[in-house]
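Reading through the structure tokens given below for one structure.
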2 protein chains.
Amino acid sequence: MEHTISGVGVIDKAIGVLAAVEHEPLALTALVERTGFSRATSHRLASALEFHGLLRRDAEGRFTLGTRLVSLGEAAERAWPIAEAAGPALADLRDATGESAQLYVRDGGRRICVASLESPHGLRTIVAAGAVLPLDQGSGGRALTGDVGPDGYVVSVGEREAGVASVSAPIHSGTTVVAAVSVSGPIERLTRDPGPTFGPSVVIAASDIADAAGLKG
Amino acid sequence: MEHTISGVGVIDKAIGVLAAVEHEPLALTALVERTGFSRATSHRLASALEFHGLLRRDAEGRFTLGTRLVSLGEAAERAWPIAEAAGPALADLRDATGESAQLYVRDGGRRICVASLESPHGLRTIVAAGAVLPLDQGSGGRALTGDVGPDGYVVSVGEREAGVASVSAPIHSGTTVVAAVSVSGPIERLTRDPGPTFGPSVVIAASDIADAAGLKG
DNA sequence: ATCGTGTGTTCCACAGTTCAGAACATATGT
DNA sequence: ACATATGTTCTGAACTGTGGAACACACGAT
């Protein structure tokens with residue numbers, strides 16, 4: 001009987017080591033305790049991950065997540081096909097509205113910005129591709145959870161960030177929400193009631209993105 | 001003779017698979033070609049990585065980097081000790097200047113924002129922690145490369161982003177630049193000559209951060 | 001519809017790697 | 001000086017990962 005959960009026991013253990021140090025750096029002894037692996041095994045696996053840059057040692061010699069994960073994480077975000085497919089429609093939305101436009105996908109209990117175009121205005125809201133945001137704040141999060149008004153879009157004003165308004169629409173594959181497209185900007189420009197002005201644009205953008213990504217509606 | 005480079009051959013191979021798909025999604029056959037592993041091995045390793053979320057399948061069944069890497073990458077960025085140590089000084093800088101403040105470290109040929117506090121102004125520049133930016137654009141990048149004026153700070157106006165000005169100072173450990181602290185905001189508020197107003201503040205912040213992080217000056 | 005080829009998936013005997021207790025090295029506190 | 005804790009390395013045995021083969025499925029040509 002194999003003792004693996006994924007089919008490759010060493011990968012299971014290596015991920016266990018990464019997960020152990022995800023929230024705080026750990027000295028070897030703490031790593032042994034947290035993972036349940038023997039001291040020699042913990043040391044060998046952690047050293048191998050360090051060799052590849054997935055772990056590093058902090059100033060006190062504790063193991064912590066390494067810089068290679070930053071670049072892999074960034075590459076992972078670029079690899080969403082919907083982000084690529086959304087490019088033209090996102091550019092149209094940004095140009096038509098003059099405001100920053102973003103595309104979000106859901107990742108467990110959070111949302112990730114997988115594509116982001118900034119408004120040409122000197123002052124604008126900026127969400128970097130790769131940013132991780134909550135689902136329960138902001139129109140993009142509520143669009144992802146399906147909490148959408150009868151007109152097909154969601155509005156938030158000063159909800160996730162003071163001074164910022166946003167309007168979002170969900171993107172469906174069949175009946176499943178797979179992404180959300182948003183415009184956002186300063187309340188001063190979008191007003192406290194941005195729905196009528198921007199709602200139709202984000203709904204159209206959502207439809208265009210679904211088409212471009214080949215999603216069934 | 002072992003055929004490993006890190007001490008754990010399976011980890012070497014698993015990283016090889018991740019590296020193979022870093023830049024573009026690969027079908028199994030392409031993965032076999034790119035890695036040189038046998039078909040069965042490639043499939044087994046990729047499936048195990050997929051199980052743990054480090055890979056996923058795109059709509060065409062190709063292997064591509066998975067969402068777990070996004071969250072690990074984000075956690076990796078939070079794990080810089082200087083980011084933690086910089087918290088109070090960064091807050092002081094933001095409060096004293098009223099502008100967004102960021103801390104950058106160098107990662108190869110790029111810079112990573114490892115801590116970020118936003119201005120209370122309704123309109124402000126925002127750099128998400130985790131954002132990856134170039135070294136050759138913006139005052140933060142030039143501070144990291146040591147390209148600093150005689151007053152100890154760097155200024156950029158409309159260089160990395162139109163409408164944005166920033167001022168940065170390097171943070172040294174001994175004679176080595178290990179980080180850079182920046183303030184940034186709209187040119188309209190920072191003016192086209194933000195150095196005299198903000199330069200001394202970032203230089204003080206850099207010194208405070210170096211002290212807080214226990215760096216030798 | 002049939003056939004050949006290509007691609008993805010699974011099996012399983014065995015070759016080779018990983019494991020972990022022991023030993024060693026170093027650090028720390030008393 | 002000593003005891004203890006922590007980090008690192010060694011190495012024989014046990015176990016896992018390997019990869020050729022087989023199978024399943026998709027696709028293009030005829």
Side-chain angles (χ1 to χ4, degrees), chain A residues 1-66 79 81 214 216, chain B residues 1-66 79 81 214 216:
Chain A
M1 174 77 71
E2 289 175 354
H3 295 291
T4 95
I5 53 174
S6 70
V8 183
V10 174
I11 288 181
D12 296 345
K13 284 176 165 163
I15 303 304
V17 171
L18 291 177
V21 303
E22 181 174 7
H23 302 296
E24 59 184 342
L26 296 178
L28 183 68
T29 298
L31 184 62
V32 170
E33 289 171 10
R34 188 75 60 91
T35 59
F37 305 148
S38 76
R39 179 182 299 276
T41 296
S42 297
H43 189 271
R44 189 164 45 77
L45 292 172
S47 296
L49 291 166
E50 182 184 7
F51 178 91
H52 287 289
L54 273 65
L55 288 183
R56 63 185 175 87
R57 303 280 199 135
D58 70 9
E60 288 148 53
R62 296 175 300 180
F63 289 105
T64 188
L65 295 177
K216 9 186 219 310
Chain B
M1 175 75 72
E2 290 174 354
H3 295 293
T4 97
I5 54 174
S6 71
V8 183
V10 173
I11 288 181
D12 296 344
K13 285 176 165 166
I15 303 304
V17 170
L18 290 177
V21 303
E22 180 174 8
H23 302 294
E24 58 184 342
L26 296 178
L28 182 67
T29 299
L31 186 62
V32 170
E33 290 171 8
R34 188 73 63 90
T35 60
F37 305 147
S38 76
R39 180 182 299 275
T41 297
S42 297
H43 188 270
R44 190 182 52 258
L45 293 171
S47 296
L49 290 166
E50 182 183 9
F51 178 92
H52 287 290
L54 273 67
L55 288 183
R56 62 183 176 88
R57 303 278 199 139
D58 70 10
E60 288 147 53
R62 295 175 301 178
F63 290 105
T64 188
L65 296 177
K216 14 189 216 307

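Numbered from 1 within each chain, the chains take letters A, B, ... in sequence-line order.
Taking CZ of B:R62 as the start and CZ of B:R57 as the end, the distance is 12.0 Å to the nearest 0.5 Å. Interatomic distance, A:I11 CD1 to B:F51 CZ, rounded to the nearest 0.5 Å: 11.5 Å. Note that CG of B:L55 and OG of B:S47 are 9.0 Å apart. Values are rounded to the nearest 0.5 Å. The NE2 atom of B:H52 lies 4.5 Å from the CD1 atom of A:I5; values are rounded to the nearest 0.5 Å. To the nearest 0.5 Å, atom CG of residue B:L54 and atom CG of residue B:L18 are 5.5 Å apart. Rounded to the nearest 0.5 angstrom, A:L45 CG and A:I15 CD1 are separated by 11.0 Å.
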Run the numbers on B:S42 and B:L28 for side chain to side chain contact (heavy atoms under 4.5 Å, CB included), then give the verdict.
CA-CA 7 Å; B:S42 297; B:L28 182 67; 4.1 Å; yes

Go through the steps to decide whether B:L49 and B:F63 satisfy the test side chain to side chain contact (heavy atoms under 4.5 Å, CB included), and finish with yes or no.
CA-CA 10 Å; B:L49 290 166; B:F63 290 105; over 6 Å; no

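Between B:G7 and B:T4, the shortest heavy-atom contact is N-OG1, 2.8 Å. In this structure, B:V32 and B:F37 approach most closely via the heavy-atom pair CG1-O, 3.3 Å. In this structure, B:D12 and B:S6 approach most closely via the heavy-atom pair OD1-OG, 2.6 Å.
For A:H43 and D:dT11, the NE2 to P distance is 17 Å, given to the nearest whole Å. As rounded to whole Å, 14 Å separates atom C1' of D:dT16 from atom CG of A:L45. Going from atom CD of B:E60 over to atom P of C:dG8 covers 12 Å, rounded to whole Å. Nucleotide C:dT17 holds its C1' atom 14 Å from the CD1 atom of A:I11, rounded to whole Å. B:D12 has its CG atom 12 Å from the C1' atom of C:dT17, to the nearest Å.
The listed nucleotides are C:dT18, C:dT9, D:dG19; the one nearest the side chain of B:K13 is D:dG19.
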Just by protein heavy atoms under 4.0 Å, how would nucleotides 21-29 of chain C read 5' to 3' in B, S and -?
B--------

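When each of A:V10 and A:R57 is assigned the nucleotide of DNA chain D bearing its nearest heavy atom, the one mapping closer to the 5' terminus is A:R57.
A side-chain hydrogen bond (donor to acceptor under 3.5 Å, both in side chains) check over residues 25-37 of chain B, counting only residues at least two apart or in different chains, returns the pairs B:E24-B:R34. For residues 13-23 of chain A, the set of pairs meeting the side-chain hydrogen bond (donor to acceptor under 3.5 Å, both in side chains) definition, not counting sequence neighbours, comprises A:E22-B:R68.
Near DNA chain C, defined here as any heavy-atom distance below 4.0 Å, the residues from residues 24-32 of chain B are B:A27, B:L28, B:T29, listed numerically.
Among the heavy atoms of the strands, none lies under 4.0 Å from A:R62.
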Expected rows: protein N/O vs nucleotides 23-26 of chain D N/O, under 3.5 Å:
none

For nucleotides 12-15 of chain C, print each protein N/O atom paired with a nucleotide N/O atom at under 3.5 Å, atom names and distance only.
none

